[in-house]
Structures are given as structure tokens and as C-alpha cells.
A.B. asks: 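Quick one: this structure, given as C-alpha cells, is what I'll be asking you about.
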Amino acid sequence: MRYWLMKSEPSEYSIDDLARDGSVPWFGVRNYQARNFMRDQMRVGDGVLFYHSSCAEPGIAGLAEVATPAYPDATQFDPKAKYYDAKATVDSPRWFNVDVKIKKKTRLLPLSEIRGYPELANMRILARGNRLSITPVDPAEWRFILKTLGEKA
DNA sequence: GCCAACGTTGGC
DNA sequence: GCCAACGTTGGC
């Protein structure tokens, strides 16, 4: 069982959208490192911190879990899609995604608050210049965050 | 809107 | 394979 932090811009897709939909394909990842995390390391049931980025109040907005193994991202094959990739083919897909399923919307744990906890000082999200949209989360960090949010582990 | 950081692209 | 140019991310 692993743990992950996955960023989404709430203006694109927010924790409320996920709460409404139940689960969603995490399409549109076009970074190889993030793709590899989904394709090679994620397992059904892995814990996910749903993070709101590029917004007024960036931070962790809810808890989710990996709901499916990785499979080819459908948007790469669609010439009309924003995430179309001319170099990808059905026989040789380049991009993959898992489905992510809601566990619960929590209170917002703002980035500014995350920065204040020594227990979370090593999180990738705090590293300067970090742009990866999917990052691994240490089990101890996961437990600390759940405790801080008043959630059971 | 600014700008630092960093991944990707493409000419050589 | 190098590396400058370019585009994107994301907090502020």
C-alpha cells in the first residue's frame, strides 16, 4: 500500500466534482515521471491526497484512493482533445491513467499550514520549484496528515 | 500578471 | 549527445 499526492486545479476539477462523480479517470498527465508513478507503482487501494493547485487557497482538499490499475489515457487518441498526442497510437500508447475514487472531502489543509509542520518538511510539494503533479507521500506523512485532519488512518 | 524553476524540443 | 530556446507550472 502506497500513498500519493495528486494535484488538480479546482477550476478544472475540484474535490466537489469528485464528490459528485464518485470516481474519475485521471486523464491529461503529460509528464513521464508522473505517468510512470501511475503506470508502474500505483495499486488499487493506494491512498491519495487530493490537492488543489493554482488557486486562491492551494492545499489538500480531500482524501481519495486509486480505484483501477493504469490503462491508456483515452484523450491522447482524440485529435479534438486538449491532451491529444499525435505520436501516440492505440497499439503503442504513450500516456496512461488510473481512476481515482473519493473517500471524503476534508477541511482544506492549506499549503501555508503544511509548511508549518516539521513532520511534513520533507514533502515533495514543499520543495522549491516542484512541478510534479503526482508525488509519493511517505507513510509517516500520510498518518500525520490524517491525524491533523482528525481522520482515522 | 510576474517570475523562478524545470521539462521538452530541436538544431547542430 | 549537447544545450539554448521555448513552454508550462504554480505560488505569490
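Chain letters run A, B, ... following the sequence lines, proteins first and then strands; every chain starts at 1. Side chains are part of it too, since the values below use all heavy atoms of this structure and drop only hydrogens, waters and symmetry mates.
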A.B. asks: When clusters are formed from ILVMFWY side-chain contacts under 4.5 Å, directly or step by step, what else is grouped with A/M1?
C.D. replies: A/Y3, A/L5, A/L49, A/Y51, A/I60, A/L63, A/L109, A/L111, A/I114, A/Y117, A/L120, A/M123, A/I125, A/L126, A/V137, A/W142, A/F144, A/I145, A/L146, A/L149
A.B. asks: Using the test side chain to side chain donor-acceptor pair (under 3.5 Å), find all partners of A/K103 that sit at least two apart in sequence or belong to another chain.
C.D. replies: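 A/K103: no side chain to side chain donor-acceptor pair (under 3.5 Å) contacts found.
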A.B. asks: Quick check on contacts: within residues 111-119 of chain A, what sits under 4.0 Å from DNA chain C by heavy-atom distance?
C.D. replies: A/L111, A/R115
A.B. asks: Write out all pairs satisfying salt bridge (Lys or Arg N to Asp or Glu O under 4.0 Å) with one or both partners inside residues 68-79 of chain A, taking only residues at least two apart or from two chains.
C.D. replies: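 Residue pairs passing salt bridge (Lys or Arg N to Asp or Glu O under 4.0 Å), neighbours aside: A/R30-A/D73.
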A.B. asks: Starting at the 5' end of DNA chain B and moving along, which residue's nearest nucleotide shows up first, A/K87 or A/Q33?
C.D. replies: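 Of the two residues, A/Q33 wins.
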A.B. asks: Applying side-chain hydrogen bond (donor to acceptor under 3.5 Å, both in side chains) as the test, list every pair that has at least one member in residues 144-153 of chain A; sequence neighbours left out.
C.D. replies: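 For residues 144-153 of chain A: A/K104-A/E151.
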A.B. asks: Pairs in or reaching into residues 109-119 of chain A: which pass salt bridge (Lys or Arg N to Asp or Glu O under 4.0 Å), with residues at least two apart or in two chains?
C.D. replies: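 Applying salt bridge (Lys or Arg N to Asp or Glu O under 4.0 Å) to every pair that reaches into residues 109-119 of chain A, excluding sequence neighbours, yields A/R107-A/E113.
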A.B. asks: Which other residues end up in the same hydrophobic cluster as A/M6, if Ile, Leu, Val, Met, Phe, Trp and Tyr are linked when side-chain heavy atoms come under 4.5 Å apart?
C.D. replies: A/W4, A/Y13, A/I15, A/L18, A/V24, A/W26, A/V29, A/F37, A/M38, A/M42, A/V48, A/F50, A/V66, A/V98, A/V100, A/I102, A/L132, A/I134
A.B. asks: Distance under 4.0 Å to a non-hydrogen atom of chain A counts as contact; along DNA chain C, which nucleotides mark the start and end?
C.D. replies: C/dG7 to C/dC12
A.B. asks: Only counting residues at least two apart or in another chain, list the ones meeting side chain to side chain donor-acceptor pair (under 3.5 Å) with A/R39.
C.D. replies: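 Applying side chain to side chain donor-acceptor pair (under 3.5 Å) to A/R39 gives A/N36.
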A.B. asks: Check this for me: does any side-chain nitrogen of one of A/R2 and A/D46 sit under 4.0 Å from a carboxylate oxygen of the other?
C.D. replies: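 Salt bridge: no.
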